[in-house]
Amino acid sequence: MCHCGTLSSSKKYSKEFKLDAIWPVVVMCHVLVIKSNNFYSYQKHKANKPEDPTHDEMISWVKDIAKFSDNTYGARRIKKVLNTLSYPVGLRKTAQLMKEANVWVRYKKKYKSTTNSEHNKPIYDNELKQDFDFQQPNQAWVQDITYIWTSQGWLYLAVVIDLYSRKVVGWSMGSRMKAQLVCDALIMAKWQRQPKAGLIVHSDQGVQYASHQYRRLLKLNGFIGSMSKKGCCWDNAVAESFFGSLKQERVHWRNYETRYEAQQDILNYITMWYNSQRLHSYIDYQSPNDFEKKKEELAKVS
């Protein structure tokens, strides 16, 4: 008589060794301390279980998606793409497929802030108060500055992001972190989007955003200045998140010889990947460009 036990032992040994051709099943069950009826039930279930004809297809797609995203997509985004391709998989199944496909994901590295808020210049009130949800374009923009190391020295990047779609609508890069850097990014965003007066433009309390040159630019266009509390990164979380994605997915995996090389790569990331292809969880796993385009089409129909 066989003792009680788990089916996992029979699964392991029956898979690795064809012992049933040498020893009686009852004897093997006794040695492995399992019930023979459990062994036979497993064999019957295994024989009747149909193989998934789409399994190999999904493995191939997972590899392609990983390559397409430059190994930046985790299980949630890969699941969303597979669902879009009509494969009804869940998060757990997607993780299993990724493991089987030997797909890896880039990990995050820490980076420090470039903000210099130790100044005596006037600052704006916090108009957003961590409310980053806007239903129309060009109602509120957020800005920030970060840095990228090259063999020629630091390259500084200033960006402007529309909270409506999380699209990067303006940017500027240079070797010096001056007020002109953030002004150029805002001028580019204004030229591309043509916002109306009353637009909220939020930043941290960095000296560049408190400069006379920047404040004058806001006033001339009728924009409303807004600033985070000192030392509170959550007040500008959207811009911080973008820089985290940029560095995790691109910058930390490059060795830039020149500032020009870094500029071209970052420009490619913003225009060809982040704005046009990368799936953003906030906008239901769409790219900012696709999100805005669909909203425009729906507005025309209604």
Side-chain angles (χ1 to χ4, degrees), residues 6-16 38-109 132-133 135 161 164-168 237-238 240-253 268-298 301:
T6 63
L7 189 59
S8 60
S9 297
S10 67
K11 178 180 179 181
K12 176 182 178 182
Y13 285 95
S14 65
K15 182 178 181 180
E16 295 181 358
N38 285 347
F39 175 82
Y40 286 121
S41 295
Y42 166 73
Q43 293 291 344
K44 183 178 179 180
H45 173 75
K46 183 179 178 181
N48 294 333
K49 184 180 178 180
E51 294 186 2
D52 185 355
T54 66
H55 183 78
D56 290 342
E57 293 179 10
M58 288 190 291
I59 291 293
S60 179
W61 273 114
V62 167
K63 291 179 179 178
D64 288 344
I65 296 165
K67 183 178 179 181
F68 167 76
S69 71
D70 200 17
N71 292 100
T72 62
Y73 278 7
R76 293 185 184 278
R77 284 189 171 86
I78 290 181
K79 169 189 173 295
K80 192 68 178 180
V81 178
L82 289 175
N83 292 162
T84 303
L85 294 169
S86 299
Y87 295 106
V89 295
L91 196 59
R92 181 179 296 181
K93 176 65 175 179
T94 303
Q96 292 173 351
L97 291 169
M98 291 173 66
K99 184 176 181 179
E100 188 174 341
N102 195 28
V103 165
W104 57 278
V105 184
R106 297 181 187 272
Y107 59 89
K108 292 183 179 180
K109 296 183 180 180
F132 306 126
D133 186 15
Q135 302 303 312
I161 300 172
Y164 166 66
S165 62
R166 301 311 199 249
K167 181 174 181 176
V168 181
V238 174
E240 296 280 358
S241 177
F242 167 74
F243 285 147
S245 298
L246 169 66
K247 295 198 172 186
Q248 174 197 351
E249 299 173 0
R250 183 65 61 91
V251 172
H252 285 315
W253 304 90
N268 175 272
Y269 178 86
I270 293 174
T271 60
M272 305 304 294
W273 175 244
Y274 190 87
N275 281 347
S276 60
Q277 299 291 338
R278 187 181 185 275
L279 306 185
H280 202 299
S281 57
Y282 172 76
I283 48 178
D284 194 25
Y285 292 95
Q286 302 175 74
S287 71
N289 283 351
D290 285 343
F291 175 80
E292 290 193 352
K293 183 178 179 181
K294 289 180 181 178
K295 288 290 186 178
E296 290 175 2
E297 291 174 351
L298 287 174
V301 172

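- Going from atom CD of Gln248 over to atom CZ of Phe243 covers 15.0 Å, rounded to the nearest 0.5 Å.
- With rounding to the nearest 0.5 angstrom, the OG1 atom of Thr94 is 7.0 Å from the CG atom of Asn83.
- When atom types are taken as modelled, the side chain of Ser276 and the backbone of Thr271 share a donor-acceptor pair closer than 3.5 angstrom.
- Note: Tyr282 and Phe132 fail the aromatic proximity criterion, with ring centroids not under 6.0 Å apart.
- A donor-acceptor pair under 3.5 Å is absent between the side-chain atoms of Arg278 and the main chain of Ser287, judged by distance alone.
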Where do Trp273 and Tyr73 land on the ring pair (Phe, Tyr, Trp, His ring centres under 6.0 Å) test, with the steps shown first? CA-CA 12 Å; Trp273 175 244; Tyr73 278 7; 5.7 Å; yes
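- Applying side chain to side chain contact (heavy atoms under 4.5 Å, CB included) to Tyr274 and the options Arg250, His280, Glu249 leaves one that passes, His280.
- Dense packing is recorded around CG of Asp133, with more than 12 heavy atoms of other residues, nucleotides or ligands lying under 6.0 Å away.
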Let's go through Arg76 and Leu91 carefully: what are the C-alpha distance in whole Å and the side-chain angles of both, what is the deciding distance for side chain to side chain contact (heavy atoms under 4.5 Å, CB included) to 0.1 Å, and is it a yes or a no? CA-CA 6 Å; Arg76 293 185 184 278; Leu91 196 59; 3.8 Å; yes
Side chain to side chain contact (heavy atoms under 4.5 Å, CB included) between Leu97 and Lys93, intermediate numbers included: CA-CA 6 Å; Leu97 291 169; Lys93 176 65 175 179; 4.2 Å; yes
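- No donor-acceptor distance shorter than 3.5 angstrom exists from the side chain of Glu292 to the backbone of Asn289, with no hydrogens or angles considered.
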Side chain to side chain contact (heavy atoms under 4.5 Å, CB included) between Met98 and Ile78: does it pass, once the steps are laid out? CA-CA 9 Å; Met98 291 173 66; Ile78 290 181; 3.8 Å; yes
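- For the atom pair CZ (Arg92) and NZ (Lys79), the distance works out to 13.5 Å, reported to the nearest 0.5 Å.
- The shortest heavy-atom contact between Ile283 and Gln286 is O-NE2, 3.1 Å.
- Separating the CG atom in Asp290 from the NZ atom in Lys295 is a distance of 13.5 Å, to the nearest 0.5 Å.
- Note that CZ of Arg166 and OG of Ser281 are 9.0 Å apart. Values are rounded to the nearest 0.5 Å.
- Judged by distance alone, the side chain of Ser241 and the main-chain N or O of Ala237 form no donor-acceptor pair under 3.5 Å.
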Checking Leu82 against Ile65 for the side chain to side chain contact (heavy atoms under 4.5 Å, CB included) test, could you report, in this order, the C-alpha distance in whole Å, the side-chain angles of both residues, the deciding distance, and whether it holds? CA-CA 9 Å; Leu82 289 175; Ile65 296 165; 4.1 Å; yes
